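Keep in mind the model is a prediction, meaning the values are calculated, not measured. Residue indices begin at 1 and follow the sequence shown.
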Amino acid sequence: MHPYRAVMLFVSLLLMLVYTSFAFAVECESYASLIRTEGKVQLVALGSPFPKRNLDLPYALCSGDRVQTVAEAQALISHSGGELVLAENSSLEMLDVDSLSLTEGTALFRVTKREGQRFVAKTPLVVIGVKGTEFLVSSQSSRNDVALFKGEVEVERQDGQEMAYYESKPVSAMSFSEYQAFQQQSFNEYKNNLEQAFSDYKEQQLAEFKAYVSGVDLQAGRQLTLSGENEKPEAIDAPINKSVEKLQQQLNSWLE
């Protein structure tokens, strides 16, 4: 091919790509906005091969858009159901007007109760039905955690499988040595806690089997920890870990 024609073809393809991305950005219906950022935060728009940085805030988000944070970064997002803070090393995808997907990492959600409407938060493993509440979600390859601070949520697996449901051993039923070990573990750094292997966490909580269930109506002050995608379906219901409470307080400062 003649060099001139090759250059013209490249320019034409580039202009087509830019026009397509621009046209989509104009036509899409926005359900959420990126309000505030700290550190390195990027947006990958649906249909665009390149991430966007240095965004003018607030920035309208559309279905299929993904917001990503790296280490020591976080983002505040306003959506139709309320607000959320995306923690470091996390990725969030906009789905539709009533649902979002935390594909990786951790986020603190604050959802406003709306009569007759239900907001849904998802991870690759679980579906969380929300009626108005504040909760923290962590999505890791080895486990998922949902910590409920107030309100109501229902947690189910995406694949619909029943889970072996366990409850942590009550403090009143622990021996002195068990209580000492439990207290020491509960003050570990939240990163270590949320990345701890599910089997080790289960042993630490002295979890007792209760029943096989398809979903769990989580109570405020409790944390539900689910086994990873490649493990047998299990879930442990326990008091919220002290280090997770510390993380919630840190992220909550952006919601006040």
Side-chain angles (χ1 to χ4, degrees), residues 79-87 90-93 95-96 98-114 117-170 190 193-199 201-202 204-205 207-241 243-245 247-248 251-252:
H79 54 86
S80 61
E83 294 180 310
L84 69 91
V85 181
L86 190 64
S90 302
S91 179
L92 183 84
E93 181 179 356
L95 297 179
D96 55 42
D98 288 322
S99 61
L100 303 170
S101 178
L102 180 69
T103 53
E104 181 182 14
T106 305
L108 177 67
F109 292 78
R110 180 178 290 173
V111 178
T112 305
K113 190 169 185 178
R114 298 174 295 168
Q117 290 184 291
R118 186 174 108 145
F119 181 80
V120 175
K122 298 181 180 182
T123 75
L125 180 68
V126 301
V127 179
I128 306 161
V130 186
K131 296 180 181 178
T133 189
E134 184 173 313
F135 62 101
L136 183 143
V137 181
S138 174
S139 176
Q140 312 289 340
S141 59
S142 60
R143 57 186 268 191
N144 276 207
D145 290 83
V146 181
L148 180 62
F149 296 94
K150 55 186 175 183
E152 302 173 69
V153 297
E154 181 183 17
V155 184
E156 301 174 342
R157 287 178 59 95
Q158 287 262 29
D159 57 17
Q161 289 190 69
E162 285 194 334
M163 303 172 284
Y165 175 70
Y166 294 79
E167 282 189 356
S168 64
K169 191 172 184 178
Y190 76 86
N193 176 266
L194 293 176
E195 293 174 4
Q196 181 183 24
F198 180 84
S199 57
Y201 177 79
K202 179 180 175 182
Q204 172 199 319
Q205 293 295 324
E208 300 176 340
F209 175 76
K210 296 298 181 180
Y212 286 99
V213 299
S214 57
V216 176
D217 291 321
L218 194 60
Q219 301 299 308
R222 306 288 291 184
Q223 176 176 331
L224 189 70
T225 301
L226 299 95
S227 56
E229 294 182 60
N230 298 321
E231 302 180 43
K232 61 181 181 180
E234 295 183 312
I236 300 170
D237 190 335
I240 296 176
N241 184 274
S243 52
V244 174
E245 288 183 351
L247 175 59
Q248 181 261 350
L251 297 177
N252 193 54

Hey, does [Y] have a side-chain heavy atom less than 4.5 Å from the side chain of [X]?
X: F198; Y: S227; answer: yes
X: L86; Y: L108; answer: no
X: V126; Y: Q158; answer: no
X: L136; Y: L247; answer: yes
X: L100; Y: H79; answer: yes
X: S80; Y: D98; answer: yes
X: V146; Y: I128; answer: yes
X: P233; Y: Q161; answer: yes

Salt bridge (Lys or Arg N to Asp or Glu O under 4.0 Å) pairs, two or more places apart, involving residues 155-164: R157-D159
How far does [atom1] of [X] sit from [atom2] of [Y], to the nearest 0.5 angstrom?
X: L148; Y: D217; atom1: CG; atom2: CG; result: 10.5 Å
X: S168; Y: Y201; atom1: OG; atom2: OH; result: 7.0 Å
X: L218; Y: L224; atom1: CG; atom2: CG; result: 5.5 Å
X: F149; Y: E245; atom1: CZ; atom2: CD; result: 6.5 Å
X: I236; Y: R143; atom1: CD1; atom2: CZ; result: 8.0 Å
X: Q205; Y: D237; atom1: CD; atom2: CG; result: 10.0 Å

Under a 3.5 Å cutoff, is there a donor and acceptor pairing between the side chains of [X] and [Y]?
X: T106; Y: S90; result: no
X: Y166; Y: K210; result: no
X: Q223; Y: D145; result: yes
X: S138; Y: Q140; result: yes

side-chain contact (heavy atoms from CB on, under 4.5 Å) between T225 and N144, intermediate numbers included: CA-CA 6 Å; T225 301; N144 276 207; over 6 Å; no
Where T123 and S139 come nearest, the two heavy atoms and their spacing: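 Shortest heavy-atom separation between T123 and S139 comes out as CB-OG, 3.8 Å.
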Nearest heavy atoms of S99 and D96, plus distance in Å: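 Minimum heavy-atom separation between S99 and D96: OG-OD1, 2.8 Å.
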Set of residues satisfying side-chain contact (heavy atoms from CB on, under 4.5 Å) with respect to R110, sequence neighbours excluded: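 Checked R110 against side-chain contact (heavy atoms from CB on, under 4.5 Å); matches are E134, N252, L255.
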Pair E154 + R118, salt bridge at N-O below 4.0 Å: yes
Ring geometry between F135 and F109 (parallel below 30°, tilted from 30 to 60°, perpendicular above 60°):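 Parallel.
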E231 atom CD: more than 12 heavy-atom contacts under 6.0 Å: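 Yes - once you tally the heavy atoms of other residues, nucleotides and ligands closer than 6.0 Å, there are more than 12.
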